[in-house]
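Notes for the one structure printed next.
Keep in mind it's a predicted model, so treat the numbers as computed, not measured.
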Amino acid sequence: QEFSTGLWQASLFDDDANQKHEMEMFYLQQNAFEWRFEFPEILADDGEFLGFDAVIGNPPYGVKLSKPVQEALNRIHNFGTTETAVLFILRGYSILKSKGLHSYILPKSFTFASNYSKIRDLIKKEVSIIVDCGIVWSDVKLEVCIFQLTKELLLDQYDSYKLFDGEIRHLTTIDKS
């Protein structure tokens with residue numbers, strides 16, 4: 001909230017593009033988590049980034065972003081979307097090491113909706129598991145799924161699972177072709 005408010009104030013009171021950019025960067029850094037300091041083991045002795053062994057999570061999705069935040073995210077990611085789940089998938093993938101494991105719980109529409117088609121195309125050869133979880137939280141009406149991939153491990157098939165009465169069961173193996 002502070003981030004978007006700060007950007008709004010910057011755009012209201014500042015006409016200089018460089019000052020706006022500096023203000024955006026200031027607000028981005030205020031609450032930034034600097035993983036290089038928190039996890040120094042992901043760096044080689046020479047400081048080169050090695051990546052994480054695994055990235056798992058439940059990223060936010062469907063978040064309504066202010067126009068300045070959308071513009072800043074488009075400049076950073078250049079993927080043609082501000083859908084937060086897609087941006088989290090991109091970021092998670094980018095910080096994985098080769099053969100690292102990436103798994104998120106997402107809206108089930110990730111598996112079929114057009115707004116996820118570009119990210120699906122990007123990662124589909126590496127996806128090894130998709131779990132149809134249905135509705136898992138009583139206060140959330142959205143059906144969800146879990147995907148898992150291994151970075152740079154190209155696969156011709158993936159395993160399909162479904163959550164039944166609290167138990168994840170294997171349904172079938174599906175060819176990707």
Side-chain angles (χ1 to χ4, degrees), residues 1-39 42-44 47-128 130 142 144-155 158 176:
Q1 187 174 11
E2 180 180 322
F3 173 67
S4 60
T5 303
L7 286 177
W8 174 77
Q9 290 171 345
S11 64
L12 263 183
F13 302 110
D14 248 328
D15 289 333
D16 181 63
N18 289 333
Q19 287 179 336
K20 285 181 186 177
H21 179 71
E22 286 177 24
M23 187 69 89
E24 288 172 358
M25 293 300 101
F26 171 77
Y27 281 103
L28 279 174
Q29 294 168 1
Q30 288 304 300
N31 296 315
F33 175 80
E34 186 52 62
W35 41 263
R36 290 178 180 100
F37 297 133
E38 299 297 327
F39 300 100
I42 64 169
L43 299 176
E48 180 182 345
F49 179 68
L50 300 173
F52 288 99
D53 294 325
V55 175
I56 60 172
N58 179 6
Y61 34 85
V63 177
K64 301 292 183 219
L65 302 172
S66 69
K67 200 68 165 165
V69 171
Q70 289 178 26
E71 291 167 1
L73 289 170
N74 277 326
R75 278 194 305 276
I76 292 166
H77 297 286
N78 194 26
F79 201 70
T81 185
T82 55
E83 167 54 55
T84 50
V86 172
L87 298 175
F88 269 79
I89 293 168
L90 287 170
R91 184 63 177 149
Y93 188 88
S94 75
I95 61 175
L96 272 179
K97 66 170 41 173
S98 179
K99 306 301 184 230
L101 180 71
H102 189 194
S103 185
Y104 281 160
I105 187 166
L106 298 167
K108 188 175 174 179
S109 58
F110 164 76
T111 62
F112 60 84
S114 62
N115 60 318
Y116 290 104
S117 64
K118 191 172 176 182
I119 192 68
R120 278 195 313 268
D121 289 344
L122 183 71
I123 66 173
K124 69 182 174 188
K125 291 190 181 285
E126 297 159 294
V127 170
S128 58
I130 296 180
L142 190 65
V144 296
C145 69
I146 298 170
F147 83 86
Q148 179 179 302
L149 66 78
T150 302
K151 186 174 185 176
E152 298 170 2
L153 178 62
L154 305 180
L155 303 168
Y158 71 93
K176 294 181 184 179

Of the non-hydrogen atoms in [X] and [Y], which two are nearest, and what is the gap between them?
| X | Y | answer |
| --- | --- | --- |
| Ile123 | Leu149 | CB-CD2, 3.7 Å |
| Lys97 | Asp53 | NZ-OD1, 2.9 Å |
| Leu155 | Val127 | CD1-O, 3.8 Å |
| Pro107 | Cys145 | O-SG, 3.8 Å |

Atom [atom1] in [X], atom [atom2] in [Y]: separation rounded to 0.5 Å?
| X | Y | atom1 | atom2 | answer |
| --- | --- | --- | --- | --- |
| Glu71 | Ser66 | CD | OG | 8.5 Å |
| Ile42 | Leu50 | CD1 | CG | 8.0 Å |
| Ser94 | Phe49 | OG | CZ | 7.0 Å |
| Lys108 | Tyr116 | NZ | OH | 14.0 Å |
| Ser128 | Leu154 | OG | CG | 12.0 Å |
| Glu83 | Asn115 | CD | CG | 6.0 Å |

Checklist entry - Which residues satisfy the side-chain contact (heavy atoms from CB on, under 4.5 Å) test with Leu65, sequence neighbours excluded? => result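 Checked Leu65 against side-chain contact (heavy atoms from CB on, under 4.5 Å); matches are Val63, Val69, Gln70, Leu73, Thr82, Thr84.
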
Enclosure of [X] [atom1] (heavy-atom neighbours >12, cutoff 6.0 Å):
| X | atom1 | answer |
| --- | --- | --- |
| Lys118 | NZ | yes |
| Ile56 | CD1 | no |
| Lys125 | NZ | no |

Checklist entry - Given Ile89 and Leu106, is the side chain to side chain contact (heavy atoms under 4.5 Å, CB included) satisfied, shown in steps? => result CA-CA 10 Å; Ile89 293 168; Leu106 298 167; 3.7 Å; yes

Hey, are the side chains of [X] and [Y] touching, using non-hydrogen atoms and a 4.5 Å cut-off?
| X | Y | result |
| --- | --- | --- |
| Tyr61 | Val144 | yes |
| Leu43 | Glu48 | no |
| His102 | Val55 | yes |

Checklist entry - Is a side-chain donor or acceptor of Tyr93 paired with a backbone partner of Leu122 at a separation under 3.5 angstrom? => result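 Pair absent, no side-chain N/O of Tyr93 close to backbone of Leu122.
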
Checklist entry - Can you check whether Ala113's main-chain N or O pairs, donor with acceptor, with Arg120's side chain at less than 3.5 Å? => result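 A pair under 3.5 Å: yes.
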
Checklist entry - How far apart are the C-alpha atoms of Phe110 and Phe147, what are their side-chain angles, what is the distance that settles it, and do they pass the ring pair (Phe, Tyr, Trp, His ring centres under 6.0 Å) test? => result CA-CA 9 Å; Phe110 164 76; Phe147 83 86; 5.4 Å; yes

Checklist entry - Any side chain to side chain donor-acceptor pair (under 3.5 Å) pairs touching residues 144-153, not counting sequence neighbours? => result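 Of all non-adjacent pairs touching residues 144-153, those that pass side chain to side chain donor-acceptor pair (under 3.5 Å) are Ser98-Glu152.
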
Item to check | All salt bridge (charged side-chain N to carboxylate O under 4.0 Å, His left out) counterparts of Lys124, not counting sequence neighbours | outcome: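 Partners of Lys124 under the salt bridge (charged side-chain N to carboxylate O under 4.0 Å, His left out) test: Asp121.
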
